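Keep in mind the model is a prediction, meaning the values are calculated, not measured.
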Amino acid sequence: MSKAKTSKNPLMDSIIALCKRRGFIFQSSEIYGGYNGFFDFGPLGVELKKNLKEAWWKDMVHCRDDIEGLDSSIIMSPKIWVASGHVGGFSDPMVDCKTSKMRYRADQLFFAPVIVDGNTIGYVSVLEDSSMQAVAEETADKMKRKQGVQGTLAPIELKDYTEADPSEYELIPSPATGEPGSLTPPRDFNLMFETKVGALSDSTATAYLRPETAQGIFANYKNIVDTGRVKIPFGIAQVGKAFRNEITPRNFIFRSREFEQMEMEYFISPEADWQGCHREWIDWCKDWLVSVGLPADMLGEDVHPLEKLSHYSRGTTDITFKFPFGEQELWGIACRGNFDLTQHQEHSGKSMEIFDQESKSKFIPHVVEPALGVDRLLLAVLTAAYTEDEIGGEKRTLMKFHPRVAPYKVAVFPLLKNKPELMEKAQDLYKKLQRKYNVFWDTAGAIGRRYRRMDEIGTPWCVTVDFDTLEDGTFTLRDRDTTEQKRINEEELLAMLDAQLY
RNA sequence: GCGGGUAUAGUUUAGUGGUAGAACUCCAGUCUUCCAAACUGGUUGCGACAGUUCGAUUCUGUCUACCCGCACCA
């Protein structure tokens with residue numbers, strides 16, 4: 001009877017509904033039934049997103065003397081992705097067990113034939129583990145005894161599943177069931193989108209949509225060093241789209257296939273205290289997140305254990321955020337050593353060394369990389385801002401955006417729209433403010449309704465022109481969070497906005 | 001990718017083998033001197049494609065999207 005949606009995340013549902021209702025975020029290609037993993041940003045969403053990117057750029061590039069900006073192309077030479085390891089390493093062959101429905105990474109699933117006096121009596125399989133050799137030997141011994149085979153057990157030589165011969169797929173037992181025959185061949189999940197460049201569609205034309213903006217920075221590192229604008233330590237920052245063919249996009253815009261990154265590579269001497277530098281950047285990033293409206297108590301740190309680090313990393317700490325669906329990675333701060341530049345030096349044959357005047361030495365610098373997903377940040381900001389409260393017994397939904405990132409900074413209303421003198425006065429103010437800020441104009445309905453509308457899209461202030469305005473030039477300034485109203489003149493209004501919207 | 005669930009207007013929802021009603025929202029108008037007022041009118045919907053049928057939003061199948069769990073997330 002009841003077909004109540006069984007969503008266990010009403011907060012997430014409310015945020016998604018508001019995003020659609022008010023024009024923040026739409027599902028991509030909605031009129032054709034949607035397209036999994038892609039999103040469109042509506043009139044409000046594009047403003048919010050732009051404000052976040054501009055705030056980042058201002059604080060990261062303009063307000064720092066040691067960081068330069070860059071905008072590299074999305075499609076670059078495929079050689080870049082070979083050098084970076086993405087062509088080889090970005091694809092993880094996966095194995096599914098058809099019986100248990102378990103899924104394994106093929107390079108973490110090990111197997112070996114059990115050989116007695118030269119005869120293969122079966123196979124054993126184990127998952128990657130420090131004790132896997134011992135477990136495999138024990139299992140092989142049991143198999144030998146169970147089958148009653150006499151003879152000498154040959155040493156167990158474990159290989160991972162990617163090295164298995166196709167004829168062996170049917171013989172290797174699933175680690176889940178212990179029975180052979182249920183494992184699929186290793187299947188590729190290459191997370192890079194491929195495309196073709198040029199008229200010819202042969203394999204030499206294959207190119208990739210970048211899965212991260214970082215490689216564009218490394219590929220231009222030499223250009224920027226050669227323009228002589230920088231000396232160690234320095235950073236290069238970039239904002240741009242990136243693409244990953246995620247197997248399972250989930251959680252609204254948290255994991256999507258097309259997304260935007262704000263990345264910065266901070267180049268330091270190999271002799272420098274990289275751990276100290278890492279810590280400084282973690283703190284800088286946390287402070288910045290607070291400055292755009294994320295409460296400090298919703299942030300956390302997740303230090304990646306050494307054994308789980310990526311191939312390029314010497315240390316990674318994620319700044320996490322308490323999303324409605326759990327505490328998840330927001331901003332990854334990775335120490336990439338000199339892996340990337342060394343790779344590019346080897347593959348391109350061009351020197352990536354820099355001469356440091358201070359130490360009179362030449363070296364390939366190491367990097368600390370703070371990488372932030374714009375869309376994840378946007379979702380975090382939406383989550384932190386979403387508030388329900390009660391005003392005079394009426395429920396109210398409001399988005400408590402930091403004024404700095406709010407899509408509209410201020411709204412201007414004539415108290416009554418059928419009074420031309422109020423309309424005219426309000427238009428004057430609206431036009432004046434519009435030159436400097438994104439301002440919302442609304443004449444429809446009762447004044448209270450207009451206030452609530454602004455609450456729902458997070459406009460921090462509303463200014464109402466009434467009959468007193470015509471007499472003494474003061475307006476009603478109404479505050480979104482407190483709903484307090486006070487009289488203020490134009491000069492005071494401009495000064496207040498200037499002070500609040502740095 | 002696997003399993004389970006869901007799909008009617010912008011939102012929340014009625015309902016039917018004979019092409020759908022409501023509330024709120026939205027738009028227009030009347031009115032309105034500061035927190036979703038009132039009145040009048042209006043726009044908008046059966047996720048898509050097939051099949052069964054005289055006729056399908058309803059029954060069947062396929063697909064798509066969303067939600068939950070598992071797996072995955074260099």
- Note on the structure: note: A/Phe39, atom CZ; B/A65, atom C1'; distance rounded to Å ~ 11 Å

- Give the B/S/- string for nucleotides 27-44 of chain B, one per nucleotide from 5' to 3', where a protein heavy atom under 4.0 Å of the base yields B, of only the sugar-phosphate yields S, and otherwise -. S-S--BBBBBS-------

- Salt bridge check: are A/Asp479 and A/Lys486 linked by an N-O gap of less than 4.0 Å? no

- Quick one: A/Arg250 CZ to B/A65 P, roughly how many Å, whole number? 12 Å

- Message: Can you tell me the base-pairing partner of B/G41? Count Watson-Crick or G-U wobble geometry only, both distances below 3.5 Å, and say none if there is no partner.
- Response: B/C27

- Taking atom P in both B/C26 and B/G15, what distance in whole Å separates the two? 28 Å

- Item | Shortest side-chain distance from A/Ile247, nucleotide among B/C72, B/G10, B/C70 | B/C72

- Task: For side-chain contact (heavy atoms from CB on, under 4.5 Å), just list the numbers for A/Leu330 and A/Leu294, CA-CA rounded to whole Å, side-chain angles, deciding distance to a tenth of an Å, and then say yes or no.
- Result: CA-CA 12 Å; A/Leu330 178 59; A/Leu294 299 190; 3.9 Å; yes

- Message: Going by purine N1 to pyrimidine N3 plus the second Watson-Crick contact, or the G-U wobble pair, all under 3.5 Å, which nucleotide sits opposite B/U53?
- Response: none

- Under 3.5 Å on both distances, the Watson-Crick or G-U partner of B/A65: B/U6

- C1' spacing across the pair B/G55 / B/G18, given as an integer number of angstrom: 7 Å

- Note on the structure: Between CG of A/Leu18 and P of B/C26 the distance, given in whole Å, is 13 Å

- Query: On a whole-Å scale, what distance lies between the C1' atoms belonging to B/U8 and B/G47?
  - Reply: 10 Å

- Take the protein atom NZ of A/Lys20 and the nucleotide atom P of B/C67, then report the distance between them rounded to whole Å. 13 Å

- Message: Quick test of your reading of the model: are A/Asp389 and A/Arg396 salt-bridged, counting only N-O distances below 4.0 Å?
- Response: yes

- Item | Same-atom distance (P) from B/A37 to B/C27, integer angstrom | 13 Å

- Query: Given A/Gln485 and A/Thr476, is the side-chain hydrogen bond (donor to acceptor under 3.5 Å, both in side chains) satisfied, shown in steps?
  - Reply: CA-CA 6 Å; A/Gln485 305 183 13; A/Thr476 300; 4.8 Å; no

- Item | Nucleotide opposite B/G1 in a Watson-Crick or G-U pair, distances under 3.5 Å | B/C70

- Gap in Å between the two P atoms, one belonging to B/G51 and one to B/C2, rounded: 27 Å

- Query: So does A/Arg336 pair up with A/Glu212, basic N to acidic O under 4.0 Å?
  - Reply: yes

- Note on the structure: Whichever of A/Gly37 and A/Arg21 has the more 5' nearest nucleotide on RNA chain B, that residue is A/Arg21

- Under 3.5 Å, is there a donor-acceptor pair linking the side chains of A/Lys196 and A/Thr206? yes

Taking only N/O atoms, report every protein-nucleotides 61-64 of chain B pair under 3.5 Å with atom names and distance.
unit_1, atom_1, unit_2, atom_2, d
B/U64, O2', A/Gly33, O, 3.3

- For A/Leu191 and B/C72, give me the distance from atom CG to atom P, rounded to whole Å. 14 Å

- Query: Over how many whole Å does the gap from A/Asn251 atom CG to B/C68 atom C1' extend?
  - Reply: 11 Å

- The ring pair (Phe, Tyr, Trp, His ring centres under 6.0 Å) partners of A/Tyr266 (sequence neighbours excluded) come to A/Trp281

- Query: Could you give the CD1-to-P distance, from A/Ile25 to B/G10, as a whole number of Å?
  - Reply: 19 Å

- Across the strands shown, which category fits A/Gln27 at heavy-atom distances under 4.0 angstrom: base, sugar-phosphate, nothing? sugar-phosphate

- Message: I'd like to check the side chain to side chain donor-acceptor pair (under 3.5 Å) partners of A/Thr469; sequence neighbours left out, ordered by chain and number.
- Response: A/Asp466

- Can you name the ring pair (Phe, Tyr, Trp, His ring centres under 6.0 Å) partners of A/Tyr408, sequence neighbours left out? A/Phe440

- Message: Going by side chain to side chain donor-acceptor pair (under 3.5 Å), name the residues that satisfy it together with A/His278, two or more places apart in sequence or in a different chain.
- Response: none

- Item | Nearest-angstrom distance, P atom, B/C46 to B/A56 | 15 Å

- Message: Work out how far the C1' atom of B/G41 is from that of B/G5, and round it to whole angstrom.
- Response: 41 Å

- Task: Give a yes-or-no answer on whether the side chains of A/Asp318 and A/Thr320 include a donor-acceptor pair shorter than 3.5 Å.
- Result: no

- Rounded to whole angstroms, how far apart are CD1 on A/Ile16 and P on B/U12? 11 Å

- Item | P spacing across the pair B/U11 / B/C67, given as an integer number of angstrom | 15 Å

